[in-house]
Enquirer: 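First the structure, which I've put down as structure tokens, then a few questions once you've had a look.
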Amino acid sequence: MNRIGVFVCHCGTNIASTVDVKAVAEALSHERGVVISQDYQYMCSESGQNLVKNAIKEHNLTGVVICSCSPRMHENTFRKACSEAGLNPYLVEIANIREQCSWIHKDITTATEKAVILGRTAIAKVTLNTPLTSMESPVVKRALVIGGGIAGIQSALDIAEAGFEVDIVEKEPTIGGKMAQIDKTFPTLDCAACILTPKMVEASQNENINIYSFSEVSDVKGFVGNFTVKIKRKARYVDETKCTGCGLCTEKCPMKKVPNEFNAGLDNRTAIYIPFAQAVPKIATIDPNYCMMLKNGKCGVCSKVCTAGAVDYKQKDEFIEKKYGAIVVATGYNPISPEKFDEYAYSQCPDVVTSLELERLMNAAGPNGGTLLRPSDKKHPEKIVFIQCVGSRCDDDRGKPYCSKICCMYTAKHAMLIREKYPDTEVYVFYIDVRTPGKNFDEFYRRAVEQYNVHYIKGMVGKVTPKANGKIEVQGSDMLADEQLRIDADLVVLAMAIEPDKSARPLATMLTTQMDTNDFFTEAHPKLRPVESATAGIFLSGVCQGPKDIPETVAQASAAAAKAIGLLCKNSITCNPCVAHSDELMCNGCSACEKVCPYGAITYENKEFRMPDRTVAVRRVASVNPAVCQGCGACTVACPSGAMDLNGFSNSQIMAEVDAICK
Amino acid sequence: MLKISLDRLDDFFARVASEQSLYMPVDREDGQAEFRKWTEGSKLSQRLNTVRSAKDFFFPQTENLVDFKIQGKNIEVLDTREECEDFAVFGVRACDARSFSILDKVFLCEPVDSYYKNRREHGVIISLSCTRPAETCFCTVFGIDPVEPEGDISCSTDGKSMFFKVNTPKGEEFVKKFADVFEDGDPAQLEKMKEFSRNVFKKLPLANLSTDSFGGDKMMKLFNSPKWAELSEACIGCGTCTFICPTCQCYDIRDFKTNDGVKRFRCWDSCMYSEFTKMAHGNPRVSQLERFRQRFMHKLVYFPSNNDGEFGCVGCGRCLTKCPSSINIVKVMKALEVEE
Amino acid sequence: MQEKMKQRAKELLADGTVNRVMGWKKGEFGYDTTPAVFRSAEEIDKYFVCDDFTNSNLSKLLVKESKKDGVILAFLKPCDTYSFNQLLKEHRIDREKVYIIGIPGGPKLDAEIIKSKGITGITGVKNVNYTLVIDTIYGEEKMPFYEAVSVKCKSCKSKKHVIYDELIGDDGDILESDRFDEVEKLENMTSRERFDFWQRELSKCIRCNACKNVCPACTCEKCVFDNPKSGIENKAVSDSFEEKLFHIIRAFHVAGRCTDCGECSRVCPQNIPLHLLNRKFIKDINSLYGEYQAGADLDTKNPLTDYSTDDCEPSIVHERGVE
Amino acid sequence: MQVNDSKNFEPVIAAFCCNWCSYAGADLSGTNRLSYPTNVKIIRVPCSCRVNPMFILRAFQRGADGVIICGCHPGDCHYTSGNYFTRRRITLLYSMLDFLGIERNRTRLEWVSAAEGAKFASVMEQFTEDVRKLGPNRRLEDLRCRKK
Amino acid sequence: MNSKNENLKEQVLRASGVNVLKCMRCGKCSGTCPAYGEMEYHPHQFVYMIEKGDIEKLMNSPSIYRCLTCFACVDRCPRGVEPAKAVEAVRLMAVRKQDGNRLKPEQIPDMLDEDMPQQAIVTALRKYRK
């Protein structure tokens, strides 16, 4: 038998001035199950809460209805109060008679009538409320960072600093990512390698950090606090524990015509290689696509020269499985391919390069040892044209609809560095808009214009034509002068749009996280939860969430780390008890619920059941993981048999509310 | 004998309908017949049988038993029963006419079902003899003479006139009330027609179905027959057979929560349903086999054993036409008979 | 055809590929066939039938049958294979336990149509060059074959088997059917006319649950209408609202899963055109979310458990057609 | 008490509002003292995708004259995708109700964000007026629940 | 902006199917245009002026006949604005106003001069006279 207490709040005059609170309390006292109905000046005040607490004890209440302000204001207050008085906090319902009644209606008679109906509706619901207990789920105190670029490294270091184990999974043979390829950073112009490599070393030396290089995530199961991840350790044909990184093998390898990814394909490396001098881990890797030993069994030079005996041509891909409490996604980006933009003649002319290629051309560790020379004839370029927004802000399928954010600044950087080092060079930048929101960003750009005399031209290049004399004719418009320009350049640099790494999409599926149409991970809330994914326990770091520059990436990496640390600090997670649950006896196992669950909270298992006809049958039934479910209720409607229901918002509760409203 | 010439039959209907409700079979657009209240222009259906039987008038699919009015914490009980008005059902075939003797045995024995009784007292059944039976007809198997149907009044036609034979005092009263529309007629031709019809019935494919294997004394043997498994295999557990059956009389009593109280009503139930006679532990008949067996055991064994050998089936053939899987009492009887 | 099927069934029984055969069994009057399971060659010889009246869809029965020991052979018409596939997609059938032989589809006949022409006392029906020769106790009657074709076969959507282990006879194609014509006709009526139409049709409902129980999409362990906890459970129609609720909810629950097999209308004792409700959903899904045929394959997502960010708003309902 | 003769007809309107956007939008319209008719009674659901067609029909059965569902704008769902499912389900359901001859203006789906207090009020005002014009719900009511 | 211009703008937009609001003023169309030097108003200006409703100026400008309809701008526009179609639509408006006043083949020799691109003549023949 229900014993319900109703408490009507005056909220000073906020409610009492347009709702006859005494009449509401009186009317509701006659509802079935109501044993006490009172009104009070401020129900949320301490004395108001005490009134409720005392009534719970005195009348042995089984449910409490507070007629007051919006539940979004004080639901928790009253739940806590009731809990203190020994009543399950989920046996409290709020009738919103302030925002939904007294504040919007002027006529006291109709407002009072409506308040009574709202109260009655809450009573109808609370009658069907059941005590709910929050589940506790243990947390594995280890984090996984997917991606070993600057974002991943930073997140890993921060988590490790807090005293938790971190594993970094990097698909390349070394960590470092794109930042390792960059020469200088804007707007300070300090050397990227100088600030990145110490961090890489730090990561490799931190005893809490474990780096799985040349590895990929192949499967993710579980949920917040308790993920089980399968990691594929790709065969590198070199025993990591034995290789000392001496580099002898790379010198002796006869296969020397392998395009060097690290230098953006501008020069060559060997089939067994260490990507760059400061690689971490500094271990050789054999490229099976080029190694003659692996391809046709003829060679074996590296194995012969290796004093450590680290080369192992028989190595196979290995899989390891580990448990993690939190996962940080830091899969980063790549520039898109310029191949689709015929008008810029990238594939026709070696002297049309992308910004990343320019980065390597100018780098001291690059193919030219830091001297800026044209790839075609190794001559010093005298006239350089930069084209911005190639593929960014693009409405068709050749490019990306978004602004890639970093191009304006690195183009200014390039222009400035070139003008500084080679003052005789003329530099033109074709731009649509120059976007420089950031600390010292606009100052930096202005310096390029004012101090370094870079020619910024508002307009786009329409066509790039390589000419027989080695020059490249750039035809573009100068919109401010309203004229069409033709510049005979020596080098053309394309600021390509950036896109999320291709590995991100399958990863998102494994992690059951959401992605937008551009394959950027979607954050849980664009303003308030920018580093969390909607799936609990998965955090986003760096460009995988959206275009960012280095400082932003690092800031987000640390933020994601902080969120992960916050999770790992807990011994267990308290789950929201208002989650879905399936009645196994009614479940058909049809998978409709699983398909609409945005969190992957529903799994299926085959279970043995005693059927109504007394036979025993094995049936496929759904079960909801309460630690993962967020309680949206999508599954409850997808389920045709009604086996899925939602705690706190059950079918019967909502229907009781409907009945009470329509009475 | 009382008669009305066929061309004046509509006048008769109009006359009756002017004083009380009159129901009779009329054709629907889909080629089936159903009982409808007579209104100007209604045409008597020439089809053999209606989809739903005449039982509906006396034992409707749902009927309100009592209302509870709830105000706050008070409950008020309202008896909603009212004296039924007089009505007549015309064109009831012999099978349906016999069904009332079966229903009466159930509803009018102690304790009397006052809702049913009220309707029975006020409803006159005017039956109509059959001349053109369908292949699904097997009423003769249960000792029904389709040419001389039961009912308060029974009608037969010789092609020119409708002859009325009064069988009960209620029928007598009805005829008296509308005495002005009847003429006196010679049923000689009618008798010849009847004889002809009886011969047609003998030719029906199911005319030789035997009930010998059934009845109370063979209860356990039939109950334990292994045939039920195979017979019930295709049963989808719907209530079609039950709801169109003129003799099925099971019902459930349920409460409906209205906005200001509760309506307690009864509604037909079907022993084919998994929720039939559900109690705290569930349905006592847990499998479709048991539920299927129940229906036919009830009609062929339990009912006759409690009612002096009278079977619970009248051979109207509705379930033969309508079963989605074409399983029916005839197939059951034949299968179990073979065993005998 | 029937003989080939019998032959093949007996072979498969004999070589142990299957231990049961699902097909149809002869009835009393030559038109009343019953779905049945045969366990021996003798049973097959004696009772097995496949003719113009074997119109019931066997797929749903396989839900139960595939839980039993051994493999069962099932003869499936093209339309039945869609239902089978859909059930497979919903994990309701164990594929390993069913051996499917695809057989050519209809058009199948509906005895009720023959009877509605006033033909009665039927003792046998023969198809002689697409004229039905009907033996009755009143003598021989004739009618054109196509006049007796069942409603579901009249607007056949496909003669292609979407799943099978082997075929008897040739596989056909997906057809251009006129199955949405009737829906469209209703859509073009005024709201009031539509209401009157459905009020008239649905008021015939006796809530016998035949539509629900025969429907291959309705395989819930416990139907919401049988479940007192659901809040909408009911046994019989008590108010005109009830049958609307029943049929709307039922159509909604099978939306995106209904293969349009037409069984619901076939079994309705009151001849309510229930398939129109399902077809309305199918038509809407096709036009709003792209062509979708439930059961056509195992991979395509059910449009109701899927979405696109640029789906239309419900106001489209308010904007089109006649109010 | 609400009187349901046609002259003085006061419709009963059930509004299902998702907790994160529309319910907050309703709160905001309260905070800003933006009035909308008393006929509207709000039922709080976690997400618009929690609204089962059953609830909508139940409301009509029990005497509601109009049912409106409010959720976050597409793309803004707190649960990332809930309202996309809502949009499909409810579109199909409304289309079916229309097919059965139920007046179109008795049902509505609106996207109201937590910031759109004014929109909430005006939507409710408009919807109530539309339903009022239609008169009492007779096509989808349960006579047993009709108010005397 | 007067209502007549609005009306013309409406017609141009409808005839061309171009959404001028998609333009982000990058100037790539003009940067790529082979007839740039011949034109009084350049492709990007066409788009912008249509947006402003300055249709009559465009209609009266010889620019509309200088466009070669080579579709380079359509191909390269990153926003899919399709300036050439807008030019074509304006040209059509001008031509419609001139009614049957079309270029006859025998008039062509008189018109030829050094600067006129071959393609322009062909286009003018195919289309209509100034």
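Naming convention: chains lettered A, B, ... in sequence-line order (proteins, then strands); numbering from 1 in each chain.
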Enquirer: Any ion pair linking E233(C) and R254(B) (charged N to carboxylate O, less than 4.0 Å)?
Expert: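 A salt bridge is present here (some side-chain N lies under 4.0 Å from a carboxylate O).
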Enquirer: Can you tell me which portion of K212(C) sits under 4.5 Å from chain B's heavy atoms? Options are side chain, backbone, both or neither.
Expert: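 When you check distances to chain B, no heavy atom of K212(C) falls under 4.5 Å.
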Enquirer: Is D69(C) atom CG crowded by more than 12 heavy atoms from other residues, nucleotides or ligands, each under 6.0 Å away?
Expert: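 At most 12 heavy atoms, drawn from other residues, nucleotides or ligands, come within 6.0 Å of this atom.
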Enquirer: State, yes or no, whether a side-chain contact exists between E135(B) and Y31(C) at a heavy-atom distance under 4.5 Å.
Expert: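 SC-SC contact between E135(B) and Y31(C) confirmed.
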Enquirer: So do L206(B) and F29(C) actually touch side chain to side chain, heavy atoms under 4.5 Å?
Expert: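 F29(C) reaches L206(B) side chain to side chain.
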Enquirer: Within the 3.5 Å criterion, strictly below it, is a donor on R28(B) or Q270(C) matched to an acceptor on the partner's side chain?
Expert: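 Judged by distance alone, the side chains do pair up.
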Enquirer: Working to the nearest 0.5 angstrom, can you tell me the gap between R207(C) CZ and C238(B) SG?
Expert: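 Answer for the CZ-SG pair, R207(C) versus C238(B), is 13.0 Å.
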Enquirer: Between E275(B) and chain C, with a heavy-atom cut-off of 4.5 Å, which part of the residue counts as in contact: side chain, backbone, both or neither?
Expert: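 The answer is both parts of E275(B).
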Enquirer: Report which part of Y273(B) has an atom under 4.5 Å of a heavy atom belonging to chain C: side chain, backbone, both, or neither.
Expert: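 Interface part for Y273(B): side chain.
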Enquirer: Under 3.5 Å, is there a donor on one side chain and an acceptor on the other for K331(B) and T34(C)?
Expert: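 Yes, because at least one side-chain N or O of K331(B) sits under 3.5 Å from a partner of the opposite role on T34(C).
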Enquirer: At their closest point, which heavy atom of A234(B) faces which heavy atom of P35(C), and how far apart are they?
Expert: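 A234(B) and P35(C) have their closest heavy atoms at CB-O, 3.1 Å.
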Enquirer: Give, for atom CD1 of I206(C) and atom CH2 of W268(B), the distance between the pair rounded to the nearest 0.5 Å.
Expert: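 I206(C) CD1 to W268(B) CH2: 7.0 Å, rounded to 0.5 Å.
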Enquirer: So which part of K60(C) gets closer than 4.5 Å to some heavy atom of chain B, the side chain, the backbone, both or neither?
Expert: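 The answer is neither part of K60(C).
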Enquirer: Side chains of E28(C) and L320(B): does their closest heavy-atom pair fall under 4.5 Å?
Expert: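 With C-beta onward as the side chain, the pair stays apart.
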Enquirer: When heavy-atom pairs shorter than 4.5 Å are enumerated against chain B, which of N227(C), T120(C), I119(C), I113(C) gives the highest number?
Expert: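 The answer is T120(C).
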Enquirer: Select, from G27(C), C211(C), A210(C), P228(C), the one with the greatest count of heavy-atom pairs under 4.5 Å involving chain B.
Expert: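 Looking at each of G27(C), C211(C), A210(C), P228(C) in turn, A210(C) comes out on top.
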Enquirer: Between the main-chain N or O of I236(B) and the side-chain N or O of N213(C), is there a donor-acceptor pair closer than 3.5 Å?
Expert: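 Confirmed, N213(C) side chain pairs with I236(B) backbone.
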Enquirer: Under 4.5 Å heavy-atom distance to chain C, tell me which part of R52(B) shows up: side chain, backbone, both or neither.
Expert: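 Just the side chain, heavy atoms under 4.5 Å.
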Enquirer: Around K257(B), counting heavy atoms of other residues, nucleotides and ligands shown, do more than 12 lie under 6.0 Å from its NZ?
Expert: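 Check fails, neighbour count at 12 or below.
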Enquirer: Is it the backbone or the side chain of T136(C) that comes under 4.5 Å from a heavy atom of chain B, or both, or neither?
Expert: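 Neither the backbone nor the side chain of T136(C) comes within 4.5 Å of chain B.
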Enquirer: Relative to chain C, which segment of L48(B) carries a heavy atom at a distance below 4.5 Å: side chain, backbone, both, or neither?
Expert: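 Looking at L48(B), nothing touches chain C.
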Enquirer: NZ/K25(C) to OG/S325(B) distance, rounded to the nearest 0.5 angstrom?
Expert: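 One gets 12.5 Å once the value is rounded to the nearest 0.5 Å.
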Enquirer: At a heavy-atom separation under 4.5 Å, does T240(B) approach chain C through its side chain, its backbone, both, or neither?
Expert: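 Both parts, backbone and side chain.
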Enquirer: Is any side-chain heavy atom of D30(B) less than 4.5 Å from a side-chain heavy atom of K204(C)?
Expert: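 SC-SC contact between D30(B) and K204(C) confirmed.
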Enquirer: So which residue, K203(B), M272(B), Q61(B), ends up with the most heavy-atom pairs under 4.5 Å with chain C?
Expert: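 Maximum pair count with chain C is reached by Q61(B).
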Enquirer: Both conditions, 6.0 Å and 45 degrees, for the charged tip of R132(B) above the ring of Y138(C): are they met here?
Expert: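 Here R132(B) passes the 6.0 Å and 45° test against Y138(C).
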Enquirer: Quick one: what part of T136(B) sits under 4.5 Å from any heavy atom of chain C, side chain, backbone, both or neither?
Expert: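 Both the backbone and the side chain of T136(B) come within 4.5 Å of chain C.
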Enquirer: With a 4.5 angstrom heavy-atom cut-off, could you sort out which part of E230(B) is near chain C: side chain, backbone, both or neither?
Expert: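 When you check distances to chain C, only side chain atoms of E230(B) fall under 4.5 Å.
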Enquirer: Could you give the distance from CG (N209(C)) to OG (S270(B)), rounded to the nearest 0.5 Å?
Expert: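 The CG atom of N209(C) sits 9.0 Å away from the OG atom of S270(B).
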Enquirer: Can you tell me if K46(C) has over 12 outside heavy atoms packed within less than 6.0 Å of its NZ?
Expert: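 Incorrect, the count does not exceed 12.
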Enquirer: Is any side-chain heavy atom of Q32(B) closer than 4.5 Å to one of K115(C)?
Expert: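 The answer is no, as the side chains (C-beta and beyond) never meet within the 4.5 Å cut-off.
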Enquirer: Find out whether P205(B) and I137(C) are in side-chain contact, i.e. whether some heavy atom of one side chain is under 4.5 Å from a heavy atom of the other.
Expert: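 Yes, side chains in contact.
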Enquirer: Of the backbone (N, CA, C, O) and the side chain (C-beta and beyond), which part of D252(B) lies under 4.5 Å from a heavy atom of chain C, both, or neither?
Expert: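 Interface part for D252(B): side chain.
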Enquirer: Would you call E233(B) and L61(C) a side-chain contact if the rule is heavy atoms closer than 4.5 Å?
Expert: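 No, every pair of side-chain atoms sits at 4.5 Å or beyond.
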Enquirer: Got more than 12 heavy atoms from elsewhere within 6.0 Å of CZ, F142(B)?
Expert: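 For F142(B), atom CZ is crowded (more than 12 foreign heavy atoms under 6.0 Å).
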Enquirer: Measure from the side-chain N and O atoms of K322(B) to the backbone N and O of P269(C), and report whether any donor-acceptor pair falls under 3.5 Å.
Expert: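 Yes; judged by distance alone, with no hydrogens or angles, the pair exists.
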